[in-house]
Number of protein chains: 2
Amino acid sequence: MTQASAPIDLSQLRRSCRACGLLELCLPAGIDQAELERLDSSVRDKRTLESGGMLFRQGDPFHALYVVRSGTLKTVVQDADGAQQVLGFHLPGEIVGVDALAHDTHQSSAEALERSSICELPYSRLEELTSQIPGLQRQLLRIVSREMVAEQSHVVTMGRQQAQERLAIFLRSLSERYGRLARDTTHLILPMSRYDIANYLGVVVETVSRLFTRMEDLGVLRVSRKVIHILRPDMLGEMCGAGGARERAGRAS
Amino acid sequence: MTQASAPIDLSQLRRSCRACGLLELCLPAGIDQAELERLDSSVRDKRTLESGGMLFRQGDPFHALYVVRSGTLKTVVQDADGAQQVLGFHLPGEIVGVDALAHDTHQSSAEALERSSICELPYSRLEELTSQIPGLQRQLLRIVSREMVAEQSHVVTMGRQQAQERLAIFLRSLSERYGRLARDTTHLILPMSRYDIANYLGVVVETVSRLFTRMEDLGVLRVSRKVIHILRPDMLGEMCGAGGARERAGRAS
DNA sequence: GCGGCCAATTGATCTGGATCAGTTCCGCGG
DNA sequence: CCGCGGAACTGATCCAGATCAATTGGCCGC
């Protein structure tokens, strides 16, 4: 490890991050700049997907992790009887493909919701690097664990029985995540369809549509197709937690 | 201690596995027996929990991973407004605590559903070992990824809108998991309460109770409190996939 | 501008599961 | 053996959200 004394050039770093995406993830791993640059050079591969393009499909052999550089992806599973479930949406800077680490095969499909640019990290190269850079290994573990926690929040969201709470939680979390990309967290652009949102939340499209209308009537937000303007973040927050409704189902044991 | 050339003594290995639990997880990592034994000796710490006892609580600092040796645990999250959500049940041989890797803090609580014996793996010790045993690191990554995939299946389950499908999927998966522990997969013992099951599936207790009765009436299984006897695994399987019902909600995009 | 197409919205109706209110079952301590 | 207490089950009712059926709105190619 290098001079703890010389502080890392953050702005330059950010630029590389923007350029590749992975590096952002390595930041907390205590990796110094020289290593970062070395890393960057090895993962510069990029891909561009049109809207609807598939990054990988369920069952594909695993050979790389991916970082979204721009655009948005969704991950979807299709089970035996053809039912689909949207697992998540992936914004710029977020990682995709972690589900394949366990079985050497992708357990879900990743599809672009709009023109997207993706940074590909061949796993063979990554393994090489992790053996050289001790902090990276740990960081990788953190990332996967973080993905697991994200999946858990999804479960918690779907555990809510009021559809309005689910949607409110979804919008709030989206707003928070956009916060890393834009200053204004009150204007959301939803690249996913109403069908995707509905499926993600475990309700039907009509319900999502009606809820948007209801929220608009309540003065919580303004809707115009792909754009949501949150007028009252406080009210949205209230709607997340048992919004005036009675207690949740089955408090355990 | 053995030589790397000699094939691993599987039966002896299994015994150690049973004894500690972690080792099972390392099996595919290409670790030789000498290393396994070294590993075993360092993680032999055990704990016993009575029914209702907490292994860790949401917010606790992270310092160890755990493997269930005997008994059953449940993991639960409690969000801001006090709503609880059961995330999962953990049978003997399964790992718990992975959710803390990302944030150095447990994101959920783990509670024993019956008298349980737990094997504790201090993370500091684990880190030490991973630096010495290359395959272990990779294996750890796999394990966390596997946990993530498990969480994804939970999402898929909760995405089903027919409560009966959810319960059927739950029972089937439980039956499969018990298969690793007992020959007979048609007799399930449910250590968790109906409340836990309901909460896990995102329905209310009454619904679970009624569904059990309905399934019994259909001749799919026999219920007597904690014991479920699956009479017709084939019918149970059918009930998992759009059992005669119409198509699932919002096929995406 | 016009027509076709598809996503989104709205309206009307139906129903599965939530809610409310007991009742039954079973283990346990006296 | 009896009475108590908590979990599980059942029955009656209600309602949020699913389903079915149009309608609207926006975009694109002609």
Side-chain angles (χ1 to χ4, degrees), chain A residues 51-52 74 83 86 113-114 157-168 170 189-218 221-228 239 242-253, chain B residues 51-52 74 83 113-114 157-168 170 189-217 221-228 239 242-253:
Chain A
S51 175
K74 70 172 175 185
V86 174
L113 295 173
E114 55 188 328
T157 303
M158 295 193 74
R160 301 297 184 132
Q161 54 230 46
Q162 301 302 316
Q164 184 174 280
E165 293 181 22
R166 300 192 199 184
L167 184 59
F170 170 68
I189 295 169
L190 306 182
M192 67 292 285
S193 72
R194 297 289 194 266
Y195 285 89
D196 286 332
I197 297 174
N199 184 299
Y200 176 79
L201 296 175
V203 297
V204 294
V205 228
E206 294 93 328
T207 301
V208 171
S209 196
R210 277 185 246 273
L211 287 174
F212 272 136
T213 310
R214 190 199 297 173
M215 285 178 167
E216 195 161 17
D217 290 348
L218 290 170
L221 41 75
R222 280 271 311 143
V223 185
S224 59
R225 300 277 151 161
K226 301 268 148 194
V227 186
I228 304 289
M239 296 174 103
R246 22 209 161 335
E247 205 35 57
R248 191 107 317 77
R251 41 177 3 95
S253 202
Chain B
S51 175
K74 69 171 176 185
L113 295 172
E114 55 187 329
T157 304
M158 295 192 73
R160 301 296 184 136
Q161 56 231 42
Q162 301 304 314
Q164 184 174 283
E165 293 182 20
R166 301 192 198 184
L167 185 58
F170 170 69
I189 296 170
L190 306 181
M192 67 293 283
S193 72
R194 298 289 194 265
Y195 285 90
D196 286 332
I197 297 174
N199 185 298
Y200 175 80
L201 296 175
V203 297
V204 294
V205 227
E206 294 93 327
T207 301
V208 172
S209 198
R210 275 185 249 273
L211 287 174
F212 272 137
T213 309
R214 190 198 297 174
M215 286 178 167
E216 195 161 17
D217 290 347
L221 41 75
R222 280 270 311 142
V223 184
S224 60
R225 299 279 151 161
K226 300 269 144 192
V227 185
I228 304 288
M239 295 174 104
R246 23 206 161 336
E247 207 33 56
R248 190 104 322 73
R251 45 178 358 99
S253 201

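None of the values given here were measured: they were computed from a predicted structure. We use all heavy atoms of the structure for the numbers below, so side chains are in, but hydrogens, waters and symmetry mates are not. Chain letters run A, B, ... following the sequence lines, proteins first, then strands; residues in each count from 1.
- The separation between B/Glu206 atom CD and C/dG16 atom P is 17 Å, rounded to whole Å.
- If you measure from atom OH of B/Tyr195 to atom C1' of D/dC9, you get 11 Å, rounded to the nearest angstrom.
- Phosphate contact (OP1/OP2 of C/dT19, side-chain N/O of A/Gln161, threshold under 4.0 Å): present.
- Within 4.0 Å (heavy atoms only), B/Ser209 reaches at least one base atom of the nucleic acid.
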Completion exercise
For DNA chain D, the expected dot-bracket line (Watson-Crick or G-U under 3.5 Å, [ ] crossing, | inter-strand) is ||||||||||||||||||||||||||||||

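- Counting heavy atoms from C-beta outward, B/Tyr200 and B/Lys74 have side chains that stay 4.5 Å or more apart.
- How far CE of B/Met239 is from CZ of B/Arg214: 7.0 Å, rounded to the nearest 0.5 Å.
- Side-chain atoms of A/Leu190 and A/Asp196, non-hydrogen and from C-beta on, never get closer than 4.5 Å to each other.
- Here the side chain of A/Ser193 is nearest to one of C/dA8, C/dC26, D/dT19, namely C/dA8.
- Separating the CD1 atom of A/Ile228 from the P atom of C/dT9 is a distance of 8 Å, rounded to the nearest angstrom.
- Proximity of A/Arg166 to A/Leu211: side-chain heavy atoms (C-beta onward) are nowhere separated by under 4.5 Å.
- Residues passing the salt bridge (Lys or Arg N to Asp or Glu O under 4.0 Å) test with B/Arg222 are B/Glu216, sequence neighbours excluded.
- Rounding to whole angstrom units, CD of residue A/Glu165 and C1' of D/dG17 are separated by 14 Å.
- Side-chain N/O atoms of B/Arg194 include one lying less than 4.0 angstrom from OP1 or OP2 on D/dC9.
- Note that CG of B/Leu201 and CZ of B/Phe170 are 6.0 Å apart. Values are rounded to the nearest 0.5 Å.
- Rounded to whole Å, the distance from NZ on A/Lys226 to P on C/dT9 is 10 Å.
- Phosphate proximity of C/dA18 to A/Gln162: absent, as no side-chain N or O sits under 4.0 Å from OP1 or OP2.
- Remark: the B/Glu216 side chain and the D/dC9 base include no donor-acceptor N/O pair separated by less than 3.5 Å.
- For B/Leu211 and D/dC9, the CG to P distance is 11 Å, given to the nearest whole Å.
- C/dG27 atom P lies 17 Å from atom CD of B/Glu114, rounded to whole Å.
- Residue B/Thr207 places no side-chain N or O under 4.0 Å from the OP1 or OP2 atom of C/dG16.
- The number of heavy-atom neighbours closer than 6.0 Å to CD1 of B/Ile189, taken from other residues, nucleotides and ligands shown, is 12 or below.
- Following rounding to the nearest Å, B/Gln164 (CD) and C/dA18 (C1') show an atom-to-atom distance of 17 Å.
- Between B/Met192 and A/Arg210, it is B/Met192 whose nearest contact on DNA chain D lies nearer the 5' terminus.
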